[in-house]
Amino acid sequence: QVQMVESGGGLVQAGGSLRLSCAASGRTFSSSAMGWFRQAPGKEREFVATINWSGVTKNYADSLKARFTISRDKAKNTVYLQMNSLKPEDTAVYYCAAREELMAATEAEMYDYWGRGTQVTVSS
């Protein structure tokens, strides 16, 4: 059974940093693109970042690319999201996702596996 478990969320002051991790189990995702999405209260889920199977190609939401960095460790079957200079508007539940394709993707419906999310709260 495939499981994806996010960790690293929490409460942080504006301007601070967090590093989210997403560990996958049940199968290897070495040939899969991975992504991060987030959902704030009362809002739709939105794309944050994606990385292709090799880790070479990365795409970000335009508003986040200056502050967020996605990376992966294929040996650990884990994807990361480094978030710097956090703002209160970054408050959301952050989800990792994987797709059974090599190429990175920005659309949530293109992903096959999802974690349950980790809460990130940024105080002003």
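- The distance from the CD atom of Gln119 to the CG atom of Leu11 is 9.5 Å, given to the nearest 0.5 Å.
- No donor-acceptor distance shorter than 3.5 angstrom exists from the side chain of Thr50 to the backbone of Ala104, with no hydrogens or angles considered.
- Under the 4.5 Å side-chain heavy-atom criterion for ILVMFWY residues, no single connected hydrophobic cluster contains both Phe37 and Leu18.
- Note: Met83 CE to Trp36 CH2 = 8.0 Å, rounded to the nearest 0.5 Å.
- Here Ser17 contributes atom OG and Gln82 contributes atom CD; the two are 5.5 Å apart, rounded to the nearest 0.5 Å.
- No side-chain heavy atom of Met4 sits under 4.5 Å from any side-chain heavy atom of Thr78.
- Taking the six-membered ring wherever Trp is involved, the centroid distance between the rings of Tyr60 and Phe47 does not fall below 6.0 Å.
- When only modelled atom types and interatomic distance are considered, Glu100 and Tyr113 share a side-chain donor-acceptor pair under 3.5 Å.
- A heavy-atom distance below 4.5 Å is found between the side chains of Val120 and Leu20.
- Ring geometry for Phe68 versus Tyr94: interplanar angle of 30 to 60°, hence tilted.
- Note that Arg45 lies in the cation-pi zone of Trp114, set by a 6.0 Å cut-off to the ring centre and a 45° limit from the axis.
- The closest donor-acceptor contact from the side chain of Arg99 to the backbone of Met110 lies under 3.5 Å.
- Looking at heavy atoms from C-beta onward, Arg67 lies in side-chain contact with Asp90 at the 4.5 angstrom threshold.
- In this structure, the side chain of Asn77 engages the main chain of Ala24 through a donor-acceptor pair within 3.5 Å.
- Separating the CG atom in Asn52 from the CE atom in Met103 is a distance of 6.5 Å, to the nearest 0.5 Å.
- Expressed to the nearest 0.5 Å, how far OG of Ser63 lies from CD of Glu46 amounts to 6.5 Å.
- Within the 4.5 Å cutoff, the side chain of Glu101 has no heavy atoms near those of the Trp53 side chain.
- Considering every non-hydrogen atom in both Ala33 and Tyr111, the closest pair reads O-CE2, 4.2 Å.
- Between Val79 and Ile70 there is a side-chain heavy-atom pair separated by less than 4.5 Å.
- Contact annotation: the side chain of Thr118 never approaches that of Tyr95 to less than 4.5 Å [non-hydrogen atoms, C-beta and beyond].
- Checking side-chain atoms of Glu6 against main-chain N and O of Cys96 turns up a donor-acceptor pair under 3.5 Å.
- Within the model, atoms NZ of Lys65 and NZ of Lys58 stand 13.5 Å from one another, a figure rounded to the nearest 0.5 Å.
- Between Arg27 and Ser32, the closest side-chain pair of non-hydrogen atoms falls below 4.5 Å.
- The two residues Ala92 and Arg38 make their nearest non-hydrogen contact at CB-CB, 3.9 Å.
- Residues Lys43 and Glu89 are not paired through a salt bridge, judged by the lack of any N-O separation under 4.0 Å between the basic side chain and the carboxylate.
- Contact annotation: the side chain of Val48 approaches that of Leu81 to within less than 4.5 Å [non-hydrogen atoms, C-beta and beyond].
- Cation-pi check for Arg72 over Tyr80 is not met; the charged atom does not lie both under 6.0 angstrom from the ring centroid and within 45 degrees of its normal.
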